[in-house]
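See below for the structure under consideration.
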Amino acid sequence: MGVPGEAACTASPNPSGWRKENEARAYFARLADAAHMGAHGRLEIWRVTKRALRALKLNSTQQIMLETLVFATSDCDWTFGNRPIVWYSNAELARRAGLSISISTVRAVLAALADRGLLTYHDSGNCRRDGRRQDGKIVYAYGIDLSVLEARHDEFNAMAEALEAEHRLMKECRRDVQKLRRSIPAHLQTALDKQLPGRWPTFQCRYRKIVSHLGRTSAAQLSSLYRARRALQALLGQVQEAMSRCACINNAVAKALEDGCLLQATTEVTLVNCGENQNHADGSAWDNASTDADVASERQAHENYAPRPTAVEPKSKQPSGTPIDLQTVLEACPEITTWAADDVRNWLELLQVAACIRPLLGISLSAWAEARAELGPLAAAVAVAIIVQKSATGEIREPGAYLRGMTGRHRAGLLHLDKSICALLANRRRSDRHPVPTRFQPPAERALRLI
């Protein structure tokens, strides 16, 4: 037969009859034994600990119980050579905390606090809590030891600062996201109401995607809020940039309407004959052909050609340093109007047509943006009109490279859009009197024909 009670001890979840221990509790017990008491007062320790309670994820009952334990001690218990120990029973702790909870609930709350390193136990031989004070100081005590709060003071302080910094960042991100969620739709609605040119449907689709991925701002995590804020800020910058470009275009149109003309000369050049009977010797007819491979032969032909006297004098001469009106551009480049859904009535419509046909010509977005930045929006639109006209006659095979070449010539001060327009207009008037095939011809053949 076995020893009496052996079966009962074996079946018990804690055969030793002692409190359960684990690695975490053993670690916190060593911290409490090594705590340097007297470095901080009771109120300061509680203030720091309370700031870190949210990071420790304590519920309200656990917080109330911990506060009751801290203020059940005296200030002298936290001085050097003493230990803050509370020896109240579980029933007394529930009564002092003002909680209508059972003793088993108190026991579970204390176990949770011990697992989180907020208290340890200074037990007697029979695990009973007991103690005595004399002149306000503890003579002996066995029970709940709070020395670990002093040992973890710096840790709790750093934890609280990190938590508060995260809270501030969370609050800032929520405020910024809420502001962006109102600002971006307002910008897009204004652009759509005014029918400004731009990729507004694309911006709307991108905005809806970001918002749907984020969900409710108040329930979103910090990482999601941070990513959404960056995405919305980038989107708002793109929307505002697009609206700024439209504003610049409108300002340029308004200023040009006041001046009576819209295209200013890109450089100061000599006089150019734009009359109806302009002869072949005018080198401006091939001014913008410098990016083609036949530029050398064409210039040689112009230099060797001796102009023939004509009976009819040119009607007028227009200096290249003066502005060119829209009608002159449309007369010189009528091919651009075939791409428009309606008549081109102002410079803004010409710019819109140029932006629409840009991808159809094979001109990359970067080349178009570079031309707009270097030449200006209106001059870039005129450059596209020239490219469209020359592409129709077979003079240009790579519109994108040609536009980059014009941009490079503008940087070097060699681009004369006014001369090119006058030359195209003169060539068109000559072709009206003497029709010629529009098939592309090699450079040498054109040079011979000029001679």
Side-chain angles (χ1 to χ4, degrees), residues 162-257 262 341 346-381 383-384 400 403-404 407:
L163 181 65
E164 291 171 359
E166 181 180 353
H167 178 71
R168 288 193 298 268
L169 183 58
M170 174 82 75
K171 186 177 180 180
E172 180 183 354
C173 286
R174 284 177 178 172
R175 183 179 64 249
D176 293 344
V177 168
Q178 290 286 14
K179 181 179 178 181
L180 290 168
R181 292 183 72 164
R182 290 178 174 86
S183 180
I184 293 176
H187 282 75
L188 294 176
Q189 187 62 39
T190 302
L192 293 175
D193 292 343
K194 294 184 178 180
Q195 297 182 352
L196 300 177
R199 300 178 299 156
W200 313 119
T202 303
F203 293 148
Q204 281 184 325
C205 180
R206 190 178 308 170
Y207 170 77
R208 295 193 190 100
K209 184 177 180 180
I210 296 173
V211 171
S212 62
H213 181 74
L214 176 63
R216 292 180 58 189
T217 305
S218 58
Q221 298 293 331
L222 177 60
S223 57
S224 300
L225 285 171
Y226 190 73
R227 291 195 299 268
R229 183 177 68 170
R230 287 192 305 175
L232 291 174
Q233 285 175 346
L235 179 59
L236 179 61
Q238 295 175 357
V239 171
Q240 291 177 342
E241 182 181 358
M243 296 186 72
S244 299
R245 287 198 298 266
C246 294
C248 292
I249 294 172
N250 293 335
N251 292 338
V253 171
K255 184 178 184 302
L257 289 175
L262 289 176
N346 52 55
W347 286 91
L348 181 59
E349 293 182 357
L350 178 65
L351 180 60
Q352 293 174 351
V353 174
C356 291
I357 67 175
R358 186 267 310 165
L360 303 179
L361 294 173
I363 299 175
S364 65
L365 183 60
S366 60
W368 172 242
E370 184 181 3
R372 286 169 59 103
E374 293 289 339
L375 279 69
L378 301 181
V384 171
L403 181 60
R404 290 189 183 275
T407 304

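As the structure is a prediction and not an experimental result, all values here were calculated from the model.
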Residue pairs fulfilling salt bridge (Lys or Arg N to Asp or Glu O under 4.0 Å) with at least one residue in residues 347-370, sequence neighbours excluded: Arg345-Glu349, Glu370-Arg404, Glu370-Arg411
For the student: nearest non-hydrogen atoms of Leu236 and Ser183, plus distance: CD1-OG, 3.9 Å
Glu164 atom CD: more than 12 heavy-atom contacts under 6.0 Å: yes
Inter- and intrachain pairs under salt bridge (Lys or Arg N to Asp or Glu O under 4.0 Å), touching residues 229-244, at least two apart: Glu172-Arg229, Asp176-Arg229, Glu241-Arg245
Nearest heavy atoms of Ala355 and Pro359, plus distance in Å: O-CD, 3.7 Å
Straight-line distance of Gln178 CD to Thr217 OG1, nearest 0.5 Å: 4.0 Å
Nearest heavy atoms of Met170 and Ala220, plus distance in Å: SD-O, 4.2 Å
Name every donor-acceptor pair, under 3.5 Å, that has one atom in a side chain of residues 204-214 and the other anywhere in the protein, sequence neighbours excluded.
| unit_1 | atom_1 | unit_2 | atom_2 | d |
| --- | --- | --- | --- | --- |
| Arg206 | NH1 | Gln238 | OE1 | 2.4 |
| Tyr207 | OH | Arg181 | O | 2.9 |
| Ser212 | OG | Arg208 | O | 3.0 |
| Ser212 | OG | Lys209 | O | 2.9 |

Heavy-atom check, side chain of Leu361 versus side chain of Leu403, under 4.5 Å: no
Rounded distance (nearest 0.5 Å) linking atom CG of Leu232 with atom NZ of Lys179: 13.0 Å
Spacing of Leu163 atom CG and Arg168 atom CZ [to the nearest 0.5 Å]: 10.0 Å
Residue pairs passing the salt bridge (Lys or Arg N to Asp or Glu O under 4.0 Å) test where at least one lies in residues 214-225, sequence neighbours excluded: none
Value rounded to 0.5 Å, distance of CG in Leu378 from CG in Leu350: 8.0 Å
Distance-minimising heavy-atom pair for Ala354 and Trp368: CB-CH2, 4.1 Å
Pairwise salt bridge (Lys or Arg N to Asp or Glu O under 4.0 Å) hits with a residue in residues 182-197, at least two apart: none
Distance (rounded to the nearest 0.5 Å) between Asn346 CG and Leu351 CG: 10.0 Å
Inter- and intrachain pairs under ring pair (Phe, Tyr, Trp, His ring centres under 6.0 Å), touching residues 175-202, at least two apart: Trp200-Phe203
